[in-house]
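First comes the structure, then the notes that go with it.
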Amino acid sequence: MDRSLNRKSPRRPKMRYNTFCALEAINRQWPIENGKIIQLLLGISLSPRRAGFAVTCHLSEGVDLELIRDAQKFAIEVKTTEGSHITLADKDITGLHAKSTNDGYIPAVAALPLGYSPDWAWIVCDAGRLTVGTYSCRRLALDSLPELETTVEEHFEKTVSELREKVLRPPKGGPLTFLNDLLIAENTAAPDEVLQPVSVG
């Protein structure tokens with residue numbers, strides 16, 4: 001894939017305050033699991049039912065998310081930050097490099113600042129030039145993958161709105177079990193067999 005096509009960037013969309021409030025509530029309810037919850041919400045938001053990607057989510061080993069849609073293949077490390085910087089460890093870079101070299105995936109980082117600001121949004125960037133270290137979100141944005149970034153913005157908000165109440169009060173087990181089972185269902189089931197949208201008042 002020609003990566004330059006992904007860098008013809010429109011203006012970055014911003015997420016709504018309602019989405020921020022939902023994520024704040026989830027973080028308060030599940031502070032230990034919060035990072036993995038956001039990882040799973042991101043994976044679900046890109047699933048076949050929503051954005052058309054086949055999604056594999058790794059909660060312990062390997063890159064966080066693997067996405068495949070037609071000829072597009074992305075390996076993504078998902079990071080959240082309370083400030084304006086994220087840190088990439090050796091295992092992050094090694095995993096991304098392996099998926100790129102061995103399997104032809106575009107290595108990427110998806111970073112979400114958890115503090116609300118007027119330009120609060122996901123940053124999804126090509127990680128091909130990144131090494132082990134700490135990076136500002138502004139630096140990551142220089143290698144933005146705008147097509148994927150816009151897709152994330154569009155579907156992540158809808159997914160958070162749909163699933164907020166069920167993440168706060170899972171129907172069975174904990175939030176990670178619920179979300180992981182849902183992602184598996186959305187990857188394998190027909191559209192009318194997966195969870196239907198939840199109205200949030």
**Request:** Carefully, step by step, assess I76 and V109 under the rule side-chain contact (heavy atoms from CB on, under 4.5 Å).
**Result:** CA-CA 5 Å; I76 301 178; V109 170; over 6 Å; no
**Prompt:** Do you reckon Y17 sits in the same ILVMFWY cluster as L23, going by side-chain contacts under 4.5 Å, direct or chained?
**Reply:** yes
**Asked** Judged by atom type as modelled, is there a donor-acceptor pair below 3.5 Å linking the side chain of N187 to the main-chain atoms of I184?
**Response** no
**Item:** Separation of N27 CG from I38 CD1 (nearest 0.5 Å)
**Value:** 7.0 Å
**Item:** Over all atoms of both residues, closest heavy-atom pair of L96 and A75
**Value:** CD2-O, 3.3 Å
**Request:** Starting from the C-alpha separation in whole Å, work towards a yes-or-no answer on side-chain contact (heavy atoms from CB on, under 4.5 Å) for T150 and V124.
**Result:** CA-CA 9 Å; T150 301; V124 184; over 6 Å; no
**Prompt:** Do V78 and L112 have side chains that get closer than 4.5 Å, going by heavy atoms?
**Reply:** no
**Request:** Mind listing the closest non-hydrogen atom pair of P171 and K166 along with its distance?
**Result:** CD-O, 4.1 Å
**Prompt:** Backbone N or O of A110 within a donor-acceptor pair of the E77 side chain at under 3.5 Å?
**Reply:** no
**Prompt:** Closest approach of L168 and A25, non-hydrogen atoms and distance?
**Reply:** CD2-O, 3.6 Å
**Prompt:** Checking T81 side chain against H85 main chain: does a donor-acceptor pair fall under 3.5 Å?
**Reply:** yes
**Prompt:** At what distance, to the nearest 0.5 angstrom, does CZ of F53 lie from CD of Q72?
**Reply:** 4.5 Å
**Message:** Once rounded to the nearest 0.5 Å, what's the spacing between atom CG of L41 and atom CG of L183?
**Reply:** 10.5 Å
**Message:** Check this for me, if you would: do D64 and K36 make a salt bridge, where the nitrogen-to-carboxylate-oxygen distance has to be below 4.0 angstrom?
**Reply:** no
**Request:** Using a strict 4.0 Å threshold on nitrogen-to-oxygen distance, state whether R50 and E186 make a salt bridge.
**Result:** yes
**Message:** For V167 versus P175, what's the shortest heavy-atom pair and its separation?
**Reply:** O-CB, 4.0 Å
**Asked** If you round to the nearest 0.5 Å, how far is CG of D92 from NE2 of H97?
**Response** 14.5 Å
**Asked** Sub-3.5 Å donor-acceptor pair from the side chain of T177 to the main-chain atoms of G173, do we have one?
**Response** no
**Item:** Working for side-chain contact (heavy atoms from CB on, under 4.5 Å), residues K172 and F178
**Value:** CA-CA 7 Å; K172 60 178 181 178; F178 164 68; over 6 Å; no
**Item:** Short N-O contact, K73 and D103, less than 4.0 angstrom
**Value:** no
**Message:** Which heavy atom of W30 sits nearest to which heavy atom of I37, and what is that distance?
**Reply:** CB-CD1, 3.6 Å
**Message:** Has S144 got a side-chain atom pairing as donor or acceptor with L140's backbone, closer than 3.5 angstrom?
**Reply:** no
**Prompt:** Which heavy-atom pair separates I44 from S47 by the least distance, and what is that distance?
**Reply:** O-OG, 2.9 Å
**Asked** Quick one: does S45's side chain have a donor or acceptor within less than 3.5 Å of a partner on L42's backbone?
**Response** yes
List the atom pairs, donor and acceptor, that lie under 3.5 Å between side-chain atoms in residues 131-138 and the rest of the protein, sequence neighbours left out.
| unit_1 | atom_1 | unit_2 | atom_2 | d |
| --- | --- | --- | --- | --- |
| T131 | OG1 | Y135 | OH | 3.3 |
| T134 | OG1 | T87 | OG1 | 3.0 |
| Y135 | OH | T131 | N | 2.8 |
| Y135 | OH | T131 | O | 2.9 |
| S136 | OG | R139 | N | 3.0 |

**Asked** Taking the side chain from S161 and the backbone from E157, do they hold a donor-acceptor pair closer than 3.5 Å?
**Response** no
**Message:** Assess whether a salt bridge exists between E162 and K158, defined as any Lys/Arg side-chain N lying under 4.0 Å from an Asp/Glu carboxylate O.
**Reply:** no
**Asked** What's the spacing between L46 CG and T159 OG1 if we round to 0.5 Å?
**Response** 8.0 Å
**Request:** Calculate, to the nearest 0.5 Å, the distance between atoms CG and SG belonging to L130 and C125 respectively.
**Result:** 5.0 Å
**Any donor-acceptor N/O pair, Q39 side chain to H58 backbone, under 3.5 Å** = yes
**Message:** Would L163 and L182 count as a side-chain contact (heavy atoms from CB on, under 4.5 Å) here? Give the steps.
**Reply:** CA-CA 10 Å; L163 298 178; L182 177 58; 3.6 Å; yes
